[in-house]
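Data block below; observations after.
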Number of protein chains: 2
Amino acid sequence: MAARGRVRDKEKLSLERIVDVAISQLRERGYDAVTMRSIAAELGTGPASLYAHVANRNELDSQVNARISSMAYVPEPDPSRWDEQIAEVARELLRLYREHPGTARCTMGNMPASIEALDPVEKIFAILRAGGVPDQDASWFGDQFSLHVAAFAMEEDIWKSRARSEGLTEEEAWDHIPPVFMNLSVARFPVLTSLAGVLTTGDADVRFAFGVDLMIRGLKARAASAAERASLPGDSVDAC
Amino acid sequence: MAARGRVRDKEKLSLERIVDVAISQLRERGYDAVTMRSIAAELGTGPASLYAHVANRNELDSQVNARISSMAYVPEPDPSRWDEQIAEVARELLRLYREHPGTARCTMGNMPASIEALDPVEKIFAILRAGGVPDQDASWFGDQFSLHVAAFAMEEDIWKSRARSEGLTEEEAWDHIPPVFMNLSVARFPVLTSLAGVLTTGDADVRFAFGVDLMIRGLKARAASAAERASLPGDSVDAC
DNA sequence: ACCTGAACACCGTTCAAGT
DNA sequence: ACCTGAACACCGTTCAAGT
């Protein structure tokens, strides 16, 4: 029993265990504090051992990204409410990034990640297709939508890390913002100062919902205007 | 003359010179190769000297971001074509990030940056206001729009850096993508495989224009629907 | 094939000392 | 106030050696 069950608590290294530890450390210590060495240490070995399972730090990030992505729940397509379903997916992805702080920074620059991470992507495109979104629009939307969600999560994560490293709570850090806009020169920033109140209205969730809403409404608007005349994305854009 | 003009070619350190060197190194070597030490070396001193002008690496990034942002040209508001003007601003910002590779990574997580960097922001809000966009929508749009543009530039920059570090040209790196989608299992990824052709259609500029177009159209669509009934951002979103 | 210890070539930042 | 040399406490990665 003793000679088997836990002779040593090293049960062989594997990519899976490495990613497990990486994600748990990401959550507990934040992105900057997780290193090859800290991961190796928790696994009871030296950093060199990790390189038998992962090519480098970038690939580790990519694997972390794949793991998080593969955890996303995406509903079966319901054509009558594809737009709400896309908004739901956005919230689900943000929820996952938040539940595993630090992982958003592994995502940016690592898209589309690995093949296992494509399952949720497949489902997102299934929803768009069920909703009748034209293939080309759906394709580009998937790209920009994923980027936007990841960027929001990353920015939020950096913001929180920074606040923490300055010894502030999130609320305290937030409280530093409104005065900045209030105290701007009215002569130099007439619009910004007049917007000061509204600029700092709404928490992260509201801002996120707004951004996602913009993209979904934009997609619908394109379909509507395509009904009149065939239009390319550049439409109002590559005129210049 | 010799005793004055260039006794030594160290003409006093300053934040300005440090940022100058940082940006020029960012452009030439890419984000990862620019360090406090490399900047100091080019200025003929040691890394410790920089800390008299900049608190830490994060603040240097923030200063680089401020410098780049302040270079953005934003046109005077023309109410009749505010939407095209916003698209122009997006292209101008992307152009700046591209002209100074590596700086996009200084921007993410550093918004809204410093006060000097707010001049372009003021002008963007002036265009939105001239276009009749409601204050709250304009405010949230400015936030999500800036994030989206910075994220696009950052992703592109990381992508290019990665390609370069693997000894590939951008074209070669791009060529690796289509086969990935082509060779997916049709059974597991029926939608993705059917979209393979269209997924890899369009270069970076087209994708960028598409994303920006979505956000602008979304903003207009919100105004249109607000005409019928007062609506909050959550509308189709915080139902769940 | 997998794992390891030790080393290499770096980092950002601090600090006492100089001017 | 600004600058410096030297050091501290780290990094990611490599490599010869072990199993």
Side-chain angles (χ1 to χ4, degrees), chain A residues 6-23 25-26 28-65 102 105-106 109-110 158 161-162 164-167, chain B residues 3 6-22 25-26 28-65 102 105-106 109-110 158 161-162 164-167:
Chain A
R6 47 181 300 279
V7 185
R8 310 172 79 351
D9 42 339
K10 42 181 56 177
E11 13 166 338
K12 274 200 97 185
L13 241 38
S14 69
L15 179 57
E16 201 194 346
R17 292 187 67 215
I18 292 170
V19 173
D20 284 346
V21 171
I23 290 178
Q25 288 195 356
L26 245 9
E28 284 159 24
R29 318 183 186 183
Y31 186 82
D32 294 325
V34 179
T35 67
M36 295 287 135
R37 295 172 120 93
S38 71
I39 294 166
E42 185 164 335
L43 288 164
T45 183
S49 304
L50 307 183
Y51 288 82
H53 300 91
V54 90
N56 50 44
R57 176 64 206 258
N58 262 344
E59 199 197 293
L60 210 189
D61 279 3
S62 177
Q63 293 288 347
V64 167
N65 173 29
R105 268 184 269 185
C106 301
N110 266 328
I158 293 179
S161 297
R162 190 117 64 209
R164 194 167 54 170
S165 82
E166 287 169 5
Chain B
R6 48 183 297 281
V7 185
R8 311 171 80 349
D9 42 339
K10 40 182 59 176
E11 12 165 341
K12 274 200 100 186
L13 242 37
S14 68
L15 178 57
E16 200 195 348
R17 292 186 68 215
I18 292 170
V19 173
D20 283 346
V21 170
Q25 287 196 357
L26 246 9
E28 284 158 25
R29 318 184 187 182
Y31 186 81
D32 295 325
V34 179
T35 66
M36 294 287 136
R37 294 172 120 93
S38 71
I39 294 166
E42 185 164 333
L43 288 165
T45 183
S49 304
L50 307 184
Y51 288 83
H53 300 92
V54 90
N56 50 42
R57 176 62 207 259
N58 262 345
E59 198 197 294
L60 210 187
D61 278 4
S62 177
Q63 292 290 346
V64 167
N65 173 27
R105 267 184 268 183
C106 301
N110 267 327
I158 293 178
S161 297
R162 191 117 65 207
R164 193 166 55 170
S165 82
E166 286 168 5

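Protein chains get the first letters and strands the later ones, always in sequence-line order, with residue 1 at the start of each. What's counted below: heavy atoms across the whole structure, side chains too, no hydrogens, waters or symmetry copies.
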>> Minimum heavy-atom separation for B:L26 and B:G102, please, with both atom names.
In response: CG-C, 4.0 Å

> Does any non-hydrogen side-chain atom of A:L60 lie less than 4.5 Å from one of A:I39?
Replying inline: yes

>> Applying side-chain hydrogen bond (donor to acceptor under 3.5 Å, both in side chains) to A:N110 and B:R162, what does each step give before you reach the verdict?
In response: CA-CA 10 Å; A:N110 266 328; B:R162 191 117 65 207; 2.8 Å; yes

> Are any of the side-chain heavy atoms of B:I18 and B:V54 separated by less than 4.5 Å?
Replying inline: no

>> Using whole Å, what does the distance between atom P of nucleotide C:dT19 and atom NZ of B:K12 come to?
In response: 17 Å

>> Suppose you measure atom C1' in D:dC10 against the same atom in C:dC8; what distance do you get, rounded to whole Å?
In response: 15 Å

>> Within residues 48-62 of chain B, which residues have any heavy atom lying less than 4.0 Å from an atom of DNA chain D?
In response: B:A48, B:S49, B:H53

> Which residue lies toward the 5' end of DNA chain C, A:S14 or A:P47, if each is placed at its nearest nucleotide?
Replying inline: A:S14

>> Distance check, C1' atoms only: C:dC15 and D:dC3, in whole angstrom units.
In response: 13 Å

> Given side chains that start at C-beta, do those of A:L50 and A:L43 come closer than 4.5 Å, heavy atoms only?
Replying inline: yes

> Taking the side chain from B:R17 and the backbone from B:K12, do they hold a donor-acceptor pair closer than 3.5 Å?
Replying inline: yes

>> Are there runs of at least three consecutive Watson-Crick or G-U pairs touching DNA chain D, with each pair's two distances under 3.5 angstrom? Give them by first number.
In response: C:4-8 with D:12-16, C:12-16 with D:4-8

> How about B:S161 and B:R105: do any of their side-chain heavy atoms sit closer than 4.5 Å?
Replying inline: yes

> Near DNA chain D, which residues from residues 29-40 of chain A have a heavy atom under 4.0 Å away?
Replying inline: A:T35, A:M36, A:R37

>> Which residues pass the side-chain hydrogen bond (donor to acceptor under 3.5 Å, both in side chains) test with B:S62, not counting sequence neighbours?
In response: none

>> Going by the rule side-chain hydrogen bond (donor to acceptor under 3.5 Å, both in side chains), which residues pair with B:E42 if we only count those two or more places apart in sequence or in a different chain?
In response: B:Q25

>> Which residues pass the salt bridge (Lys or Arg N to Asp or Glu O under 4.0 Å) test with B:R57, not counting sequence neighbours?
In response: B:D61

> Counting only side-chain N and O atoms of B:T45, is one of them less than 4.0 Å from OP1 or OP2 of D:dC3?
Replying inline: no

>> For a 4.5 angstrom cut-off between non-hydrogen side-chain atoms, does A:C106 reach A:Q63?
In response: no

